[in-house]
Amino acid sequence: MYNPIDPGFFSRPVLELAPALLGQYIVHETPEGLAAARIVETEAYHGPEDRAAHSFNNRRTKRTEVMFADPGRIYTYQMHTHTLMNVVAGEEGTPHAVLIRGAEPVEGLELMQERRGWHFKIPELTNGPGKLSKALGVTMASYGGLWYEEPLFIAPGPGLGGELKAGPRVGIQNTGDAVHYPWRFFEEGNPFVSKYR
DNA sequence: GGTCCGATGTAA
DNA sequence: TACATCGGACCA
């Protein structure tokens, strides 16, 4: 049984929330069943100063609107054919968010295999933001929801099983100095950490 | 290891 | 009309 984490957990600066999410559970309850995974990789996006953030320069559109909302909100975003999951951080009005990039399955492994395809090796099920969303059955329908309420929520986990590491973020280009900011956090050596591109 | 390209939301 | 917080297929 998993219980949603305290709402206050999300009320902190994005550069603190991103590493704090490592080792916590991400849980999704659907009619097909429950799937849960331990988060091992996150990235911080620090709008409006961060050129790599969708909310750079306070860009406020239908898509980024929820980044300006209260912390703990779910920001889902469509990338090509994939859905990516973010956690809104900071305080209301500051467009900060944490991208969840990788997690280790702890429950509902078969359900994840069903959703992803049975031919994949286990780490390939959830070692990337798009893969993780698909394995958990998360879609744009979760946009604007709360990370501390069912059916999609963060639950207190066992913490890190290895050393905390930081490095440059993945998949951002043409963003000046932001390319080098060490705002990607992950558990060293864990096979569910995504591959650097 | 590398390269190519899908198929969709968003904004210019 | 262009491009993105990516993944998969295919080639080597």
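Order of the sequence lines sets the chain letters (A, B, ...), proteins ahead of strands, with each chain counted from 1.
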Answer with yes or no whether the side chains of A/Thr126 and A/Glu104 bring together a donor and an acceptor at under 3.5 Å.
no
Please enumerate all residues that pass salt bridge (charged side-chain N to carboxylate O under 4.0 Å, His left out) together with A/Asp70, with sequence neighbours excluded.
A/Arg73
So, is the end of the A/Arg169 side chain (NZ or CZ) under 6.0 Å from the ring centre of A/Phe185 and within 45° of the ring's axis?
no
Using modelled atom types only, decide if a donor and an acceptor are shared between the side chain of A/Asp6 and the backbone of A/Gly8 within a distance under 3.5 Å.
yes
Can a salt bridge be assigned to the pair A/Glu124 and A/Lys131 using a cut-off of 4.0 Å between side-chain N and carboxylate O?
yes
Any base atoms under 4.0 Å from A/Arg101, or only sugar-phosphate, or nothing? Heavy atoms, all strands.
sugar-phosphate
Could you spell out the base pairing of DNA chain B as a dot-bracket line? Use Watson-Crick and G-U wobble contacts where both distances are under 3.5 Å, [ ] for crossing pairs, | for partners on a different strand.
||||||.||||.
Answer with base, sugar-phosphate or nothing: what part of the nucleic acid does A/Ala52 contact at a heavy-atom distance below 4.0 Å?
base
Assess A/Arg116 against A/Phe120: is NZ or CZ under 6.0 Å from the centre of the six-membered ring, and within 45 degrees of the ring's axis?
yes
Near-strand residues of residues 12-22 of chain A, defined as heavy-atom separation under 4.0 angstrom from DNA chain C
none
Once salt bridge (charged side-chain N to carboxylate O under 4.0 Å, His left out) is applied, do any residues pair with A/Arg60, and if so which ones, sequence neighbours excluded?
A/Glu65
Give the C-alpha distance, both sets of side-chain angles, the deciding distance and a yes or no for salt bridge (charged side-chain N to carboxylate O under 4.0 Å, His left out) between A/Glu91 and A/Arg12.
CA-CA 7 Å; A/Glu91 21 185 289; A/Arg12 60 175 112 188; over 6 Å; no
Close aromatic pair by centroid cut-off 6.0 Å: A/Tyr2 and A/Tyr25
yes
What class does the angle between the rings of A/Trp183 and A/His46 fall in, given that below 30° is parallel, 30 to 60° is tilted and above 60° is perpendicular?
tilted
Pair A/Tyr77, A/Arg63: side-chain N/O donor-acceptor within cut-off below 3.5 Å
yes
For DNA chain B, the residues among residues 108-139 of chain A that have a non-hydrogen atom under 4.0 Å from it:
none
Note: contacts of residues 72-87 of chain A with DNA chain B (heavy atom, under 4.0 Å) are A/Gln78, A/His80, A/Thr81, A/His82
